[in-house]
Amino acid sequence: MNTVGETAYYCCGVRMADAEKKPSLLNDHYARRFMDSHGLSVFSRLKHLDASHMCSIVRAKLIDDQLKKILSGDQSTQVVVLGAGFDTKAFRLGGGTWIEIDDPAIIKIKNQELPVSSCTNPLARMAVDFSRDELALALQEICTEKKTVFIIEGVFMYLDESEIKNTLGLLKARFPEHDLLVDLMNEHFIKQYMGKYLRAIGEFNCSFKFHHQNPRGLLKELGYKDLLTASIFDHASELGQFWAPRFLLRILRPKLLSGYTVNWMRQDLCE
């Protein structure tokens, strides 16, 4: 598994820990299946990162809730989870036709611990070696006739700008009309608030590559338009996951609110 793949165990561990709480935000009781001795070891080295735990779980909650709304409007929507890690949305949400794409090592573990055959929604998994530019070939196998939503969660910060542009270029070339659910973290937020997390993942030879003052603006330049932008910290405060009330954050920490967001975007065909 590549070094970025190790962070998949961290995100899975966060969902596992959340599932053990009452109440749980996600109730992802599937997460525990993937946490073998190696996964638990990775999580134990990062379990002191309380703020990062909160960001990860609230991010997932925001994406889950928006996806539920999309699926309630069209149960036939095709959902492609790019860089899926140990994501279990296909098992937890109702409706949709699902495709999970990730590194062969992760897909192998997922197939062993949570087989496609046990999913109540139509689900396929695709193993892609991103380092060999296999994504373009994989996308050729996916139907373009359905309404398609791409979920790219917890991925872009580990790619550099050219890799992001290349990935989105492949999506746009194959799917002229598609939606995107993606989390975006700006440079100020990374510098101001992510030092502890970056030092921790540095132990796995992993780092953030995407440092941009306005990542949402970059995606708009690439032909996407905003449908919804949700602040992770604003939502965390609303859910009681963050100590500061929303009105105080808006007054004292506006850059915190705007620094890390979940975004629902659509390819703008007028561009």
- prompt: If we ignore angles and hydrogens, is there a donor and acceptor under 3.5 Å between the side chains of His38 and Glu6?
  reply: yes

task: Take atom NZ of Lys172 as the centre, draw a 6.0 Å sphere, and report whether it contains more than 12 heavy atoms from other residues, nucleotides or ligands.
output: yes

- prompt: Any ion pair linking Arg216 and Glu221 (charged N to carboxylate O, less than 4.0 Å)?
  reply: no

- prompt: Using the ring of each side chain (for Trp, its six-membered ring), is His53 parallel, tilted or perpendicular to Tyr10, with breaks at 30° and 60°?
  reply: tilted

field: Greater than 12 external heavy atoms within 6.0 Å of Glu177's CD
entry: no

- prompt: Quick check: does any side chain N or O of Glu113 sit under 3.5 Å from a backbone N or O of Ile109, one acting as donor and the other as acceptor?
  reply: no

task: Verify the distance criterion only: is there a donor paired with an acceptor across the side chains of Gln78 and Thr148 at less than 3.5 Å?
output: yes

query: Do the non-hydrogen side-chain atoms of Asn186 and Asn214 ever get within less than 4.5 Å of each other?
result: no

message: Using 30° and 60° as the class boundaries, would you call the ring planes of Phe208 and Tyr158 parallel, tilted or perpendicular?
response: perpendicular

message: Checking the side chain of Arg174 only, and the main-chain atoms of Ile142 only, is there a donor and an acceptor separated by less than 3.5 Å?
response: yes

- request: Give the ring-plane orientation class for Phe210 versus His212, where under 30° counts as parallel, over 60° as perpendicular and anything between as tilted.
  value: tilted

message: Given 3.5 Å as the limit, does a donor-acceptor pair link the side chain of Ser24 with the main chain of Lys21, or not?
response: no

message: Surrounding CD of Gln213 (heavy atoms of other residues, nucleotides or ligands, distance under 6.0 Å), is the total greater than 12?
response: no

- prompt: Is there a donor-acceptor pair closer than 3.5 Å between any side-chain N or O of Ser231 and the backbone N or O of Ser258?
  reply: no

task: Check the angle between the aromatic planes of His178 and Phe150 and answer parallel, tilted or perpendicular using the 30° and 60° thresholds.
output: perpendicular

Flag, side chain of Asp28 to backbone of Ala19, donor-acceptor distance under 3.5 Å: no

message: Check this for me, if you would: do Lys69 and Asp65 make a salt bridge, where the nitrogen-to-carboxylate-oxygen distance has to be below 4.0 angstrom?
response: no

message: Both conditions, 6.0 Å and 45 degrees, for the charged tip of Arg45 above the ring of Phe204: are they met here?
response: yes

query: Sub-3.5 Å donor-acceptor pair from the side chain of Arg32 to the main-chain atoms of Met35, do we have one?
result: yes

query: If we ignore angles and hydrogens, is there a donor and acceptor under 3.5 Å between the side chains of Arg125 and Asn111?
result: yes

task: Identify the two heavy atoms, one from Leu93 and one from Asp64, that lie closest to each other, and give their separation to 0.1 Å.
output: CD1-O, 4.2 Å

task: Could you tell me whether the side chain of Trp243 and the main chain of Gly240 form a donor-acceptor pair under 3.5 Å?
output: no

Pair Asp179 + Arg266, salt bridge at N-O below 4.0 Å: yes

- request: Measure the acute angle between the ring planes of Tyr9 and Phe86, then classify it against the limits of 30° and 60° as parallel, tilted or perpendicular.
  value: tilted

- prompt: Are Lys110 and Asp87 close enough for a salt bridge, meaning some N to O gap below 4.0 Å?
  reply: no

- request: Check the pair Arg250, Leu257 against side-chain contact (heavy atoms from CB on, under 4.5 Å), reporting the backbone distance first and the verdict last.
  value: CA-CA 7 Å; Arg250 290 168 182 172; Leu257 293 180; 3.4 Å; yes

